[in-house]
S.K.: 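Sharing a structure, written as structure tokens. Questions coming.
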Amino acid sequence: MENYRLLSEEEIVILENNGCTAEDWTAINVAEDFQPNYIRNTSFYGEVNLGVFEKNYEVSKGFVKHTGINRSTLRNVTIGDNCLIENVAGYINNYTIGDDCFISNVSIIETTEGATYGEGNLISVLNEAGDGNAILFGNLNSQFAAFMVKHFSDKNIKDEIRRLINEDIERNMPERGIIGNNVKVIGTKEITNTVVNDNCEINGASRISDCSILNGPSDSVYIGTGVICENSIICNGSSIINSVKMQDCFVGEACHIANGFTASQSVFFANSYMSNGEACAAFCGPFSASHHKSSLLIGGQFSFYNAGSNTNFSNHAYKMGPIHYGTLERGTKTASGSYVLMPAKIGAFSVCMGKLMHHPDTRDVPFSYLISYNDDMYLVPGRNITTVGLYRDIKKWPKRDMRQQGCQKSIVNFDWLSPFTVGEILRGKKILEKLRAASGDLQSQYNYHDYVINASSLKKGIKYYDIALRLYMGAVLKRAKKHHYFGQPTTEIGKGNWIDLSGLLLPESEEERLISDIKNGTLQTIQEVIDRFEEINDHYREYQWAWTYQMILDYYGLEEITEEDAERIREDYIKARRIWVGEIRKDAEKEYAMGDVEEEVFNDFIDKLDHEIDYEN
């Protein structure tokens, strides 16, 4: 900020000749090198601080104007150097504006008493009529949000979280609204009680009220035409465009919300894409997507999820098209009148079924299809393990992370086979084996809860699960040898159950330690809690090895893993990998034979499969 001085008598005369007025000229402070020439038809009220106006500003490509203030009303405002502010129909009141900003054709920019800028807003997700269970604040990430939602019913943990967040907000709360450096605000009717960080742009919005619009070092926020955004926080790299209506929401990094989408009491994290539909009380973790007008995400928790339309059920059963994994998808209605449903626990993320599906028992049998035929529900265990769609998704998701490297707030683990998902596979395989043992091998069908499993599907399901287990063990063992930690694990952490906190895969024991350390005051700031999440993620491979080592012992009936055992596991891995690739090839050939895939696309896919042998060793 500048060292300010009072206006000279000569400068006041120039300003008045330029059509300017002031409630009190002695309350106007200016930078040492201030020149009044480029301030015209402007009224000043209260205390106003002005920088210099000595540069040109490119308002559009090839269209340059000199910086200055024209046709505006300012009250209790600080304006930095080389801003261009023009055509403020109402007023700018109680605001601090940085350097190199362009503000044009706006009605009101104002801070009122009691402004919170969207910080500390308590919302209810997963239960639209329930008590609040998530507090919005600028440093929120998907892990902390998932942790809050999961444990807010514990009064002690809730009170401590409230305290930590309130202290964090108090440390960062500005005295009045701020517009940072190099910000554009164009054609916008109202901005009240809002912080807009550096390099962000608001162009054609209807109303931005009680919000924080945050940025990263080089990825800013864009808010476009017709947007109404209230009591919300929008993070770096995100865009909110085309008449979106949003209230009481958190939008994380690199999210895109567009085309009349409406959202209330919801959170969106890391590369989520929302268009046309609605969200209410929705927890949308990393890579959640909704494209259809009739899609309503309500009271559910999602990650790596693509919501289908209520009218066409969005056919993601096809293979070489853009199938999304880690999702609960509803396939196109078939000729037999059935719908294909895929409650697949794939990727690093599980899907909390919420109101989308009332078949929670299928979560015990992961990577499966659920097919409705008349009044019967048929379960096809493990089928999704060997599909083209899964293979494509394993490759594509890391490439679709649009967040800036080095400053990613939410943690996203892209392992499709991990202690979390493989633990589910082990349980699924055991269920199938118990069904077969209890009813015998001669059955044509098996019943699991309310579902029917054909004998051939059960047999293949066990085979697919076994392929996945051998793929996982071999891959982890290969990495352990490559990075020189093969042998007895150096930690006990990780040997028990694993969980998913919206992208972070961690041992359940580490979550319990986190809860304890928040309650007993070991973690005293929000940053320390976020650092703990990072610390857990940094030790993922170490904890994974502890879990996998014990799994290998149990699977192969060993007391320790010798070099000879390791070679056997490697051979099983290569064999399983070739079977897996072969099954995916058959799936691709079947799809191609149906005539739905162009030859070039098919050949390109087969070429990629042919190169899988390069990754065996």
Side-chain angles (χ1 to χ4, degrees), residues 141-144 146-147 150-151 157 345 347-350 366 408 410-427 429-430 468-525 527-570 572-573:
N141 66 7
S142 61
Q143 283 68 54
F144 200 101
F147 182 81
K150 186 176 180 180
H151 297 290
I157 196 77
K345 274 194 175 178
F349 309 99
S350 62
Q408 299 169 337
S410 292
I411 298 166
V412 182
N413 187 323
F414 290 100
D415 277 6
W416 78 281
L417 291 175
S418 69
F420 174 66
T421 52
V422 172
E424 297 288 337
I425 289 172
L426 286 169
R427 283 186 283 275
K429 183 186 176 192
K430 188 174 293 185
L469 295 176
R470 294 184 183 215
L471 285 175
Y472 173 75
M473 290 184 287
V476 174
L477 192 66
K478 182 172 67 170
R479 186 181 295 108
K481 280 182 163 291
K482 180 180 179 180
H483 295 284
H484 310 294
Y485 57 82
F486 173 72
Q488 289 282 348
T490 57
T491 180
E492 294 291 311
I493 300 173
K495 287 188 175 181
N497 290 331
W498 281 60
I499 60 172
D500 167 27
L501 279 179
S502 194
L504 171 65
L505 303 181
L506 71 162
E508 196 168 36
S509 61
E510 284 299 280
E511 184 188 43
E512 291 168 356
R513 183 168 73 96
L514 177 63
I515 291 170
S516 176
D517 288 349
I518 290 175
K519 285 183 177 180
N520 65 30
T522 300
L523 300 176
Q524 297 184 348
T525 66
Q527 190 57 51
E528 288 178 355
V529 176
I530 292 172
D531 288 345
R532 175 65 65 81
F533 290 129
E534 293 285 351
E535 175 193 320
I536 293 169
N537 189 56
D538 289 342
H539 287 84
Y540 170 71
R541 294 300 177 194
E542 180 185 352
Y543 300 158
Q544 180 192 42
W545 177 240
W547 188 89
T548 307
Y549 190 92
Q550 185 60 51
M551 177 210 165
I552 292 173
L553 296 184
D554 295 340
Y555 184 90
Y556 284 98
L558 304 174
E559 293 185 2
E560 63 175 343
I561 306 175
T562 64
E563 288 292 342
E564 184 180 352
D565 297 323
E567 179 59 25
R568 175 188 171 193
I569 294 164
R570 189 186 76 85
D572 285 350
Y573 162 73

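For the single chain, residues carry numbers from 1 onward in sequence order.
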S.K.: Using the side-chain contact (heavy atoms from CB on, under 4.5 Å) rule, take Ile569 and Tyr556 through it: C-alpha gap first, then chi angles, then the decisive distance, then the call.
M.R.: CA-CA 9 Å; Ile569 294 164; Tyr556 284 98; 3.6 Å; yes
S.K.: Can you give me the closest heavy-atom contact between Glu542 and Thr490, atom names plus distance?
M.R.: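 Looking at all heavy atoms of both residues, the closest pair is OE2-OG1, 3.8 Å.
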S.K.: Keeping Tyr549 on the side-chain end and Ile561 on the backbone end, is there a donor-acceptor pair under 3.5 Å?
M.R.: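 Looks like yes, one N/O pair under 3.5 Å.
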S.K.: Check whether Asp500 reaches the backbone of Gly503 with its side chain - one donor and one acceptor, N or O, closer than 3.5 Å.
M.R.: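 A pair under 3.5 Å: yes.
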S.K.: Would you call Glu563-Lys481 a salt bridge at under 4.0 Å N-O?
M.R.: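 Here Glu563 pairs with Lys481 in a salt bridge, since their nearest N and O are under 4.0 Å apart.
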S.K.: Give a yes or no answer on whether the side chain of Asp565 reaches the backbone of Thr562 with a donor-acceptor pair at less than 3.5 Å.
M.R.: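 Answer holds: yes.
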S.K.: Distance check, rounded to the nearest 0.5 Å: Lys150 atom NZ versus Ile157 atom CD1?
M.R.: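 Those atoms lie 12.0 Å apart.
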S.K.: With a 4.5 Å heavy-atom cut-off, do Ile425 and Tyr472 have their side chains touching?
M.R.: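 They are not in side-chain contact.
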S.K.: In sequence, state the C-alpha distance, the side-chain angles, and the governing distance for Leu469 and Met551, and then conclude on side-chain contact (heavy atoms from CB on, under 4.5 Å).
M.R.: CA-CA 10 Å; Leu469 295 176; Met551 177 210 165; 3.7 Å; yes
S.K.: I need the Asn141 CG to Leu501 CG distance, nearest 0.5 Å.
M.R.: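 Going from CG on Asn141 over to CG on Leu501, the span is 10.0 Å.
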S.K.: More than 12 foreign heavy atoms under 6.0 Å from CD of Gln488: is that the case here?
M.R.: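 Enclosed: over 12 neighbouring heavy atoms sit under 6.0 Å from CD of Gln488.
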S.K.: Can you give me the closest heavy-atom contact between Ser502 and Ala146, atom names plus distance?
M.R.: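 Scanning both residues completely, I find the closest heavy atoms to be CB-CB, 3.8 Å.
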S.K.: Can you tell me how far apart CD (Glu535) and CG (Leu506) are? Round to the nearest 0.5 Å.
M.R.: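 Taking CD in Glu535 and CG in Leu506, the distance rounds to 11.5 Å.
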S.K.: Considering residues, nucleotides and ligands other than Glu564, do more than 12 of their heavy atoms fall under 6.0 Å from its CD?
M.R.: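 Atom CD in Glu564 is not crowded, with 12 or fewer foreign heavy atoms closer than 6.0 Å.
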S.K.: Report yes if the side chains of Met473 and Tyr573 come closer than 4.5 Å at any heavy-atom pair, otherwise no.
M.R.: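 No, too far: nothing below the 4.5 Å cut-off.
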S.K.: Have His539 and Glu510 got a donor and an acceptor in their side chains that come within less than 3.5 Å?
M.R.: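 No, no side-chain donor-acceptor pair sits under 3.5 Å.
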S.K.: Have a look at Asp517 and tell me which of Leu514, Asn520, Ile515 forms a side chain to side chain contact (heavy atoms under 4.5 Å, CB included) with it.
M.R.: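 Of the listed options, the one satisfying the test is Asn520.
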S.K.: CD of Glu424 to OG1 of Thr421: how many Å apart, nearest 0.5 Å?
M.R.: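 Interatomic distance, Glu424 CD to Thr421 OG1, rounded to 0.5 Å: 8.5 Å.
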S.K.: To the nearest 0.5 Å, tell me how far Lys478 NZ sits from His483 NE2.
M.R.: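 Nearest 0.5 Å value for the NZ-NE2 distance: 10.5 Å.
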S.K.: To check you understand the geometry: which heavy-atom pair defines the closest contact between Gln408 and Glu534, and what is its length?
M.R.: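 Closest heavy-atom pair between Gln408 and Glu534: O-OE2, 4.2 Å.
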S.K.: Report, as yes or no, whether the 6.0 Å neighbourhood of atom CD on Glu492 holds more than 12 heavy atoms from other residues, nucleotides or ligands.
M.R.: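 Open: at most 12 neighbouring heavy atoms sit under 6.0 Å from CD of Glu492.
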S.K.: Does a side-chain heavy-atom distance below 4.5 Å link Ile411 with Phe533?
M.R.: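 Ile411 vs Phe533: side chains touch.
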S.K.: Sub-3.5 Å donor-acceptor pair from the side chain of Trp547 to the main-chain atoms of Tyr543, do we have one?
M.R.: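 No; zero donor-acceptor contacts below 3.5 Å.
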S.K.: Please work out which of the three classes, parallel, tilted or perpendicular, describes the rings of Phe486 and Trp545, given edges at 30° and 60°.
M.R.: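 Tilted.
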S.K.: Side chains of Phe147 and Leu504: closer than 4.5 Å at any heavy-atom pair?
M.R.: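 No, too far: nothing below the 4.5 Å cut-off.
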S.K.: So, does Ser142 use its side chain to make a donor-acceptor pair with the main chain of Ser410 at under 3.5 Å?
M.R.: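 No, because the side chain of Ser142 does not come within donor-acceptor range (under 3.5 Å) of the backbone of Ser410.
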S.K.: What is the distance from atom CD1 of Ile499 to atom CD of Glu512, rounded to the nearest 0.5 Å?
M.R.: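 So the gap between those two atoms works out to 8.5 Å.
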S.K.: Can any side-chain N or O of Gln544 pair as donor or acceptor with the backbone N or O of Tyr540 at less than 3.5 Å?
M.R.: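 Not a single qualifying donor-acceptor pair exists.
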